[in-house]
Amino acid sequence: MTTRSTGAPPTDEHAKPEQASDDRRPGDRGRWRWPRLEWTVATLGSLLLAVVLTWPTLRHPATTIPGDLGDPTLQAWQVAWSGHALLSDPTNLWNSNTFYPERYTYAYSDTLLGYALFGMLGSGFEAAVIRYNVLYVLLHALAFLGAYALARQLGANRWGGAFAGIAWAYAPWRLAHSGHLNILSSGGIALALAMLARGHGWSLRHGYRPERRRPGWALAGWLVAAWQISLGFGIGLPLVYFLLAAVLVAAGCYGWSWWRKRERPPFGRRLLLADLGGGAVFGAVTLLLGLVYLRVVDLNPQAERTLDWTKMFSPPLIGFVTAPADSWLWGERHAAAREQLSWPPEMALLPGMTVIGLAAAGLFVSAFPFRHRIALGLGVLGTVLLGLGATLGGDGDPGYLTLSTLLPGWDALRTPGRMMHWTSLLLAVLAAGLVTALAPSSNKASDKASEQPLDQSSDPPSDPLPDESSPRRWTRMLMPVLLLVPLALVTLEGVNRTPHPTVPRPPAAMQAAPEPMLVLPAGGVGDLTVMLWTTDGFPRVTNGLGGFEPVSQAQTRIAVASFPDAGSVAYLRGIGVRSVLAVPSRAAGTPWEGIEARPVDGLGITREDHDGALVYRL
């Protein structure tokens, strides 16, 4: 990149490499049109691919939801509540309308707080369902774009970036989490790493190049990482420790280089300030959210999870080559293997046969230097060993359980298999190196475009040399066709057969019942549907389901098992409940089956029938 000269000597010996990337002469404008076009195509392509590979999510976005009627309904409520609370009463964000009369109830599970802006769009039940479905598609698009950006920044060409994006965003193991928006929302991990690498002028292929530092990208990377943490600690906490380790390693390498060469390596004040400012925001978000969860544990000691949960969800080695049932290509073929897993939703961890094969080959043939390939391979091995949890060596120590005892907060991560986020990403980068080495753009002329993937200052690809031999020309012509094969295979492995059940609509009687209210039947996954129903106005309800059960909720469920009777009515009045909404059509097999036939005479309450739903006013 060429910069204007001011005629004055720079005040900082490293100021020149940190000039803004938009500071170009008019003759340079054509050079950054190619990368600008690339990122436009990549963004639009990621959206189109997301719509296709998550289909039929957007076929009936107002009435159906991907996965099941459990966690998706909870998470649709979570997104809606955060937007509603921030618009109406931010001081009560953590005291949601559910689990009445408990406090800090919004933090009973991963909050998805980072999606609050989406929660501000629209209102009511139907808007909550549509919003969830749109987010479900967009998070897949972001995962593709994040992995594409990371692979490009690390030195892969466009073919390699596309392969990495598909392999990570649509890995078969993700299909087991179609009902876990918090687990699927990992695009910010790859995007933050790409931005941080870009900001620090570092890539796998070329190492550290001070002239390519961009403080603005570094700051953006920290902010994206902070946003990722705001979606939840379930997959965000490993990112916290990874970045902490990366900072320590980078500082050590910097100090070692300084000591060895007896001169300070170039870094620059602006980049240092960007790291300090961005790191401070990232740390503050992590700390503040962590304090909220610690407060929840203080109020509810039973919320603290023991290592028995981790041991229960630790997968066997066969789980890493076993696909979930929702995989169109491998689901039925791996049915026998899934029978060996005690909990397939968290143990069917196949990252994709195609990416495994290409990543293995990428250890030997790659555009990346040999030492970096070895580092990636060791990273894959290390994350797999951690992902085994307690099944590693029989007790997981040393391993995942060791981290649970040493690192603050790690003991709450009860599902070791979710380390597959990192295993899958490392495999995708390894495979991208192989694809880059095989692609025709791996010649030096066209590699210029892949050296600055997140900046708009690279040169357009060069035309083939006119004197190249005929065999080489035919190879260049056929290679794009051949490279479509791994792209097609990795895409095929991402095709889903995820169910999309219809979401029950809230009964009209809910609008007639005074709050705070109790909705019957209560308890179990049915409470998640009730939470979603409350998005019409957010009335306070005693119902709710999260990562643990508060003491008051267990007491309420026992006290109202015989409702309506004198004891249950007195109890509900005592905790401030003003009405009970009973839905007899949902009460089969529960203590409230046949509730419509129970008398209310002499209880001092009234009962109204609203299209089959009963409203008891206390």
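Computed from a predicted structure; not experimentally measured.
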Would you say the side chain of [Y] lies within less than 4.5 Å of the side chain of [X], judging by non-hydrogen atoms?
X    : Y    : value
L545 : L74  : no
T111 : Y293 : yes
L288 : V292 : no
F368 : S203 : no
Y170 : E493 : no
Q553 : F548 : no
L69  : L528 : no
Y100 : V541 : no

Using modelled atom types and a 3.5 Å cut-off, is there a donor and acceptor pairing between side-chain atoms of [X] and backbone atoms of [Y]?
X    : Y    : result
R131 : L121 : yes
T105 : E102 : no
T402 : G399 : yes
H334 : A323 : yes
Q75  : L181 : yes
N543 : V530 : no
H140 : Y136 : yes
N300 : V551 : no
R497 : A325 : yes
R103 : N95  : no

Item to complete: Would you sort out whether F233 and L289 count as a side chain to side chain contact (heavy atoms under 4.5 Å, CB included), showing the intermediate values?
Response: CA-CA 9 Å; F233 284 113; L289 290 177; 3.8 Å; yes
Nearest heavy-atom pair of [X] and [Y]: which atoms, and what distance?
X    : Y    : answer
Q153 : A194 : CG-O, 3.8 Å
P238 : I235 : CD-O, 3.5 Å
F282 : L243 : CZ-CD1, 3.8 Å
R338 : W330 : NH1-O, 4.4 Å
P316 : L341 : CG-CD2, 3.5 Å
S82  : Y106 : CB-OH, 3.2 Å

Item to complete: Given side chain to side chain contact (heavy atoms under 4.5 Å, CB included), test T98 with D527 step by step and report yes or no.
Response: CA-CA 10 Å; T98 59; D527 272 1; over 6 Å; no
Fill in: Which residues share a side-chain hydrogen bond (donor to acceptor under 3.5 Å, both in side chains) with T529, sequence neighbours left out
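Not a single residue meets the side-chain hydrogen bond (donor to acceptor under 3.5 Å, both in side chains) criterion with T529.
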Discussion item. Using side-chain hydrogen bond (donor to acceptor under 3.5 Å, both in side chains), reason through R174 and S186 one step at a time and then give a plain yes or no.
Written reply: CA-CA 11 Å; R174 288 179 179 265; S186 59; 3.0 Å; yes
Worksheet item: Taking W81 as the fixed residue, which of Y108, W94, F538 is the one that meets the ring-ring contact (aromatic ring centres under 6.0 Å, His included) rule?
Response: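 Passing option: F538.
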What's the spacing between [X] [atom1] and [Y] [atom2] if we round to 0.5 Å?
X    : Y    : atom1 : atom2 : answer
L349 : M419 : CG    : CE    : 12.0 Å
L138 : N133 : CG    : CG    : 11.0 Å
L196 : L191 : CG    : CG    : 9.5 Å
L204 : H372 : CG    : NE2   : 6.0 Å
L427 : T354 : CG    : OG1   : 12.0 Å
M531 : F99  : CE    : CZ    : 5.0 Å

Item to complete: Could you verify whether a donor N or O on one side chain and an acceptor N or O on the other, from Y148 and E38, lie under 3.5 Å apart?
Response: yes
Discussion item. Would you say CH2 of W343 has more than 12 non-hydrogen atoms from neighbouring residues, nucleotides or ligands within 6.0 angstrom?
Written reply: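 Count not over threshold, so no.
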Worksheet item: Can you tell me if CD on Q302 sees more than 12 non-hydrogen neighbours from other groups inside 6.0 Å?
Response: yes
Item to complete: Measure up the H200 and F267 rings against each other and bin them: parallel (under 30°), tilted (30 to 60°), perpendicular (over 60°).
Response: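 Plane angle between 30° and 60°, so tilted.
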Discussion item. Parallel, tilted or perpendicular: which one describes the rings of F118 and Y115, with boundaries at 30° and 60°?
Written reply: perpendicular
Discussion item. Show, in sequence, the C-alpha distance, side-chain angles and deciding distance for H84 and S123, and conclude whether the side-chain hydrogen bond (donor to acceptor under 3.5 Å, both in side chains) test is met.
Written reply: CA-CA 8 Å; H84 166 78; S123 62; over 6 Å; no
Item to complete: List the steps and the verdict of side chain to side chain contact (heavy atoms under 4.5 Å, CB included) for Y132 and V79.
Response: CA-CA 8 Å; Y132 181 92; V79 177; 5.7 Å; no
Worksheet item: Hey, mind stepping through D326 and N496 against side chain to side chain contact (heavy atoms under 4.5 Å, CB included) and telling me if it holds?
Response: CA-CA 6 Å; D326 288 351; N496 77 87; 5.6 Å; no
Discussion item. Could you walk me through whether W173 and H421 satisfy the ring-ring contact (aromatic ring centres under 6.0 Å, His included) test, starting with their C-alpha distance in whole Å, then the side-chain angles of each, then the deciding distance to 0.1 Å, before giving a yes or no?
Written reply: CA-CA 9 Å; W173 70 270; H421 277 290; 4.8 Å; yes
Practice prompt. Give the intermediate values and the outcome of ring-ring contact (aromatic ring centres under 6.0 Å, His included) for residues Y400 and W410.
Written response: CA-CA 9 Å; Y400 195 89; W410 199 277; 5.7 Å; yes
